[in-house]
Amino acid sequence: MRKETKAIHTPFQKRDAYGSLSFPVYNTAAYEFDSAQAMTEAFSGRVPEPDYSRVMNPTVTYFENRVKELSGADNVFAMGTGMAAILNTLLVFAEAGKTIVTSNHLFGNTYALITQTLGRLGVKAQVADLTDTETLDKTIASDACLIFAEYITNPQLEVVDIEKLAEVAHKHGLPLIVDTTAVPFTEIDARKLGIDVEVLSSTKYISGGATSLGGLILDFGTFDEVNKRIRYEFLFNLGTYMTPQVAYMQTLGLETLDVRYRKQAQNALDLAHALQELPQIKRVNYPGLSEDKPMGAMLTIDLESEQKCLDFLNHLKLIRRATNLFDNKSLAIHPYSTIFVNFTPEEKKEMDVFDTTIRLSMGLEDVRDLTDDIKQALG
Ligand SMILES: *Cc1c(COP(=O)(O)O)cnc(C)c1O
């Protein structure tokens, strides 16, 4: 089966008692057993039966199985948020005295998680230019424990050469962890690129209609400790597993991911072209622009000043003023004064987050209406 078909037809773990066509939401915290022996089997992990929904729930398992089918990952873990997916994955490898190698072109909360939250626990960070793999190879910390990168950075839209980065990581015996939130995981052959663990916020493309928060960990089986630690330790001790209601909504989102993404990415490319013609816009940044092909559904525009950005946002009539990415509705935000508001101006400068930038996330509307809205808001 091709991926569009698989996204719809992954079989259930068990046939539903009533033949339900959509997978039921098992809205339960706990599960009853026929015997004490069956309980022991489940609790010891010898049989993959759920005993408590902090650790396993059939609806969540079904969502994970679909993602597994589509990605070819060895193990998939669904978490409550994208941040939870990132935290769990970092904690597999990071410990006091070890260094996480990453970039300052990073989602703001991930940057703060690494440098502040984990920093307080004694984990160090090496902030490097991940596009310059030659220098990285020579300067990488001797106590490095992992390399963490974003596939397309948010909001700088920097594209890293993942294969080169994987080469450096593996030469130094390190896992490469990549946050691929900016592009659907179905568009990327992570294993072939050399990614060891892929993490993403399923709040974005997969949820689709901004229905729910979620995160995914796709483990490609190259480092045994990922599965061991997350499955047998973190699910129990951290309590960040996805809930069944969310798994149900995101399973539905997964079914339409492909068609939605194609339209959203095409909208982004078309809009980027249209906006290049407007004199009020100083710069249009879209990773697909140079090769004239769709690449993600996020683009940024630069206006003359911060005030012009805020005025622009206030005049939008169709595009919604909201954070989040890849909702069915198009969204606009001024990252400098919102997502990054708690960083100092110096930190923002180092992160290439500018006060003149507006981030746009493309939805499913007719792109002509989006262009019209932007034109009138600039006017
Ligand atoms: C949104 C986002 C996250 C965090 O995901 P949540 O589901 O909001 O916790 C992480 N990385 C990137 C690149 C994101 O855009």
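Residues take their numbers from the sequence shown, with the count starting at 1. Worth knowing before you read on, the calculation uses all heavy atoms, side chains too, and leaves out hydrogens, waters and symmetry mates. Just so you know, ligand 1 is whichever comes first in the structure, and atom 1 is the first atom listed for that ligand.
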Worksheet item: What do the steps show when you test Q250 against S202 for side chain to side chain donor-acceptor pair (under 3.5 Å), and what is the final call?
Response: CA-CA 8 Å; Q250 300 206 348; S202 57; 2.6 Å; yes
Fill in: Side-chain ion pair, E291 and K293, N-O less than 4.0 Å
yes
Discussion item. If I apply the N/O under 3.5 Å rule, does K204 come out as touching ligand 1?
Written reply: yes
Worksheet item: For ligand 1, which atoms sit closer than 4.0 Å to a heavy atom of D179?
Response: 10 (C), 11 (N), 12 (C), 13 (C)
Item to complete: Could you tell me if any non-hydrogen atom of A84 lies under 4.0 Å from any atom of ligand 1?
Response: no
Worksheet item: Does T203, backbone or side chain, put an N or O under 3.5 Å from an N or O of ligand 1?
Response: yes
Discussion item. Using a 4.0 Å cut-off to any heavy atom of N154, which atoms of ligand 1 qualify?
Written reply: 15 (O)
Item to complete: Would you mind running through ligand 1 and noting each atom that sits below 4.0 Å from a heavy atom of G214?
Response: 7 (O)
Discussion item. Salt bridge or not between E198 and R191? Use side-chain N to carboxylate O under 4.0 Å.
Written reply: no
Fill in: ILVMFWY network linking V76 to M242, side-chain heavy atoms under 4.5 angstrom
yes
Worksheet item: Hey, any chance L278 and Y286 share a hydrophobic cluster, counting ILVMFWY side chains that come within less than 4.5 Å of each other, even indirectly?
Response: yes
Discussion item. When you compare ligand 1 with F107, is there at least one nitrogen or oxygen pair between them that comes in under 3.5 angstrom?
Written reply: no
Worksheet item: Is a salt bridge present between E233 and R229, judged by a nitrogen-to-oxygen distance below 4.0 Å?
Response: yes
Response to the item:
In this structure, atom 6 (P) of ligand 1 is nearest to the protein heavy atom G82 N, 3.4 Å
Worksheet item: Heavy atom under 4.0 Å from ligand 1: found in L325's side chain, backbone, both, or neither?
Response: side chain
Practice prompt. Check each atom of ligand 1 against the heavy atoms of T81 and keep those under 4.0 Å away; list them by number with element.
Written response: 7 (O), 9 (O)
Discussion item. Between R368 and D372 (salt bridge meaning N to carboxylate O under 4.0 Å), is one present in this structure?
Written reply: no
